[in-house]
Amino acid sequence: MTTPVVNRKNVLHKVLTDSRRKMAVALIDLDRFKWINDSVGHYAGDDILRQLVERIRRVLPPSAELGRFHGDKFCLLFPLKTEVQAATEAALRIVREVARPIVYDGKEFFVTASVGLAMFPDDGEDEHALLRHADMAVNMAKKGGGNRVERYCAQMNEEAMHRLEMGGHLRRAIEENELFLCYQPIVDVHTGAVKATEALIRWRHPKLGLVRPDEFIPLAEETGLIHEIGRWVLKTACRQTKQWQEMMGNNRLAIFVNVSPVQFQHERFVDNVKQALKQSRLSPSCLHLELTEHSMLRYLSSTMRTMDELRKLGVGIAVDDFGSGYSSFHYLKRLPATILKIDRAFIEQLHANASDEAIVKAMITMGHGLGLETIAEGVETPEQLNRLRDLQCTYAQGYVFCPPLLAEEVMQYVTEKQK
């Protein structure tokens, strides 16, 4: 890329030219652009980047200055006297422009951008504070899913300090064995037999108590700890399942393991799966990896390659939270999945809401037509379970059977079910 790098001294000079005037600084970060480089190469990635820069330039306000900050991150200096509303509207135009499909070598690519805004002098009175606060804002935009604009606020400082502190706690949690797994049975709705369990990670901090997975998993993804945690989960769940198989005399008992999209895209992920299976001696057919449909479709080409490798190993793929995305029905037939897990949002009112029942029935019918088994998540009442039986759903999990269990409790539950 030949786009000029922003000179920070120039930024500081412009800001201090007239301290009575407003001015906006924005950082523009392309969401997950690394995956484009990984899939088509850095040369093609640079060409796509040039096209995106030209798009951004077309919608910039007069006198605005755009420069490459580093990698796929850019810095935008708005003209003096720019107010918050004008800066926000300009940033939103950039986000919309970047999100339009881009064509390279006859193929369509979809890129989104996150933008963080900081205003002088409200959000910082020098170059370093403005850039640091704009960076906090862009990180908040990415944390919210990307493809959006965030304005810096003081609370972000507190959140950044909290994430930093929790990151340290999480690293120590790995070293001190504070992480553990619970297992929720997946049950045949017609016979009551336990087909499998789903491994669910938990963190018990000595002072904070139980930390919610939805708080520490995103943090693990941000810090890169997800790869170490993911390897540990795979090895532990496979080893535990093999132990249960031997104790029960049931070599078909399976394990479902949730996989983060960050973890799934790692170049050594398939090797990690192979290693977990080899060390545990668990049959590949007894391991099912759960990915959300959203994460599958976001990186479709690389996802397909990895899923094909896993299919050749004999490992199952479960589409988690099915129905929560928007492109499922178009792409599902292309994905080598083996199981659909119906999102709990459709199960909650299944027995009382005709629309939810119609949707669940369509999912089950489609799954059967594609040769896929169906698992209903979040089943909590006998009424929901009875309706799922009527709709010919294959399996279910939820509190109607039991909550997630500690490893030592699973044997007792399964044994009682077999009586």
Side-chain angles (χ1 to χ4, degrees), residues 180-202 230-259 263-264 269-291 306-320 335-341 367-368 370-377 379 388-389 392-398 400-419:
F180 64 99
L181 294 182
C182 287
Y183 301 86
Q184 187 165 43
I186 296 173
V187 179
D188 187 311
V189 300
H190 301 289
T191 68
V194 176
K195 169 196 171 61
T197 64
E198 178 183 351
L200 302 167
I201 191 168
R202 298 290 186 262
R231 285 191 296 271
W232 174 81
V233 171
L234 269 172
K235 291 179 181 179
T236 304
C238 288
R239 184 174 61 249
Q240 180 64 74
T241 302
K242 183 62 179 179
Q243 182 180 338
W244 285 330
Q245 287 182 349
E246 293 174 345
M247 294 172 68
M248 298 176 192
N250 176 9
N251 61 5
R252 299 179 64 184
L253 182 71
I255 183 71
F256 283 67
V257 177
N258 290 281
V259 178
Q263 180 189 0
F264 189 75
F269 176 70
V270 175
D271 290 335
N272 293 335
V273 173
K274 290 178 180 177
Q275 186 178 30
L277 291 170
K278 181 179 180 180
Q279 290 180 352
S280 65
R281 297 180 293 108
L282 184 71
S283 169
S285 63
C286 293
L287 173 61
H288 299 274
L289 302 176
E290 294 191 27
L291 295 110
T306 303
M307 290 178 73
D308 281 337
E309 289 186 66
L310 294 168
R311 179 178 55 81
K312 291 173 183 175
L313 280 178
V315 172
I317 300 290
V319 184
D320 196 17
L335 299 172
T338 52
I339 290 173
L340 294 184
K341 298 195 76 177
H368 290 166
L370 293 171
L372 306 177
E373 294 179 333
T374 50
I375 300 175
E377 298 183 285
V379 183
L388 287 166
R389 288 194 188 104
Q392 297 302 305
C393 184
T394 318
Y395 301 101
Q397 66 183 105
V400 71
F401 301 112
C402 68
L405 304 171
L406 295 172
E408 54 268 25
E409 298 172 321
V410 172
M411 272 294 297
Q412 180 181 351
Y413 178 83
V414 176
T415 302
E416 290 177 355
K417 283 292 180 180
Q418 289 176 338
K419 289 180 181 178

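The shown structure was predicted, so the numbers you read here are calculated from the model rather than taken from an experiment. We're numbering straight along the sequence, starting at 1.
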Query raised in the report: Should T338 and R311 count as side-chain neighbours, where that means a heavy-atom distance under 4.5 Å?
Result: no

Query raised in the report: Heavy atoms, side chains only, cut-off 4.5 Å: are L234 and V259 in contact?
Result: no

**Report entry** Pairwise side-chain contact, S283 with Q245, heavy-atom cut-off 4.5 Å (strictly under)
**Finding:** no

Query raised in the report: What heavy-atom pair brings V319 and A337 nearest, and what distance separates the two atoms?
Result: CG2-CB, 3.6 Å

Query raised in the report: Rounded to the nearest 0.5 Å, how far does CZ of F264 lie from CG of L291?
Result: 5.0 Å

Requested in this report: Answer yes or no: is there a side-chain heavy-atom contact under 4.5 Å between R239 and Q279?
Outcome: no

Report task. Find the distance between OH (Y395) and CD (E377) and round it off to the nearest 0.5 Å. Result -> 15.5 Å

Query - Pairwise side-chain contact, P404 with R202, heavy-atom cut-off 4.5 Å (strictly under) - result: yes

Query raised in the report: How far apart are the C-alpha atoms of Q412 and L405, what are their side-chain angles, what is the distance that settles it, and do they pass the side chain to side chain contact (heavy atoms under 4.5 Å, CB included) test?
Result: CA-CA 10 Å; Q412 180 181 351; L405 304 171; over 6 Å; no

**Report entry** Where N258 and A199 come nearest, the two heavy atoms and their spacing
**Finding:** ND2-O, 3.7 Å

Report summary line: NZ (K235) and OG (S280) are apart, to the nearest 0.5 Å, by 10.5 Å

Requested in this report: Go through the structure and list residues passing side chain to side chain donor-acceptor pair (under 3.5 Å) with Q275, not counting sequence neighbours.
Outcome: none

Query raised in the report: Minimum heavy-atom separation for P185 to C402, with atom names?
Result: CD-SG, 3.3 Å

Requested in this report: For side chain to side chain contact (heavy atoms under 4.5 Å, CB included), just list the numbers for M248 and L253, CA-CA rounded to whole Å, side-chain angles, deciding distance to a tenth of an Å, and then say yes or no.
Outcome: CA-CA 9 Å; M248 298 176 192; L253 182 71; 4.2 Å; yes

Query raised in the report: Take atom CZ in R252; do more than 12 heavy atoms of anything else shown fall under 6.0 Å from it?
Result: no

**Report entry** Worked verdict on T394 versus H368 for side chain to side chain contact (heavy atoms under 4.5 Å, CB included)
**Finding:** CA-CA 10 Å; T394 318; H368 290 166; 4.1 Å; yes

Query raised in the report: From E408 CD over to M411 CE, what is the distance, rounded to the nearest 0.5 angstrom?
Result: 12.0 Å

**Report entry** Any residue meeting salt bridge (Lys or Arg N to Asp or Glu O under 4.0 Å) with D188, in chain and number order, not counting sequence neighbours
**Finding:** none

Query raised in the report: What distance do I186 atom CD1 and I375 atom CD1 have between them, rounded to the nearest 0.5 Å?
Result: 4.5 Å

Requested in this report: Using the side chain to side chain contact (heavy atoms under 4.5 Å, CB included) rule, take L277 and V315 through it: C-alpha gap first, then chi angles, then the decisive distance, then the call.
Outcome: CA-CA 10 Å; L277 291 170; V315 172; 4.0 Å; yes

**Report entry** Spatial distance of atom CD1 (I255) from atom CG (L289) [nearest 0.5 Å]
**Finding:** 10.5 Å

Query - Minimum heavy-atom distance L181-A237, with the two atoms named - result: CD1-N, 4.0 Å

Requested in this report: Report yes if the side chains of P336 and I317 come closer than 4.5 Å at any heavy-atom pair, otherwise no.
Outcome: no

Query raised in the report: Are any non-hydrogen side-chain atoms of T197 and W244 less than 4.5 angstrom apart?
Result: yes

Query raised in the report: Under the side chain to side chain contact (heavy atoms under 4.5 Å, CB included) test, which residues partner A318, sequence neighbours left out?
Result: F256, E290, I339, K341

Report summary line: Nearest heavy-atom approach of L340 to G367 is CD1-CA, 4.0 Å

Query raised in the report: Taking the side chain as C-beta and beyond, is there a heavy-atom pair between H288 and E373 under 4.5 Å?
Result: no

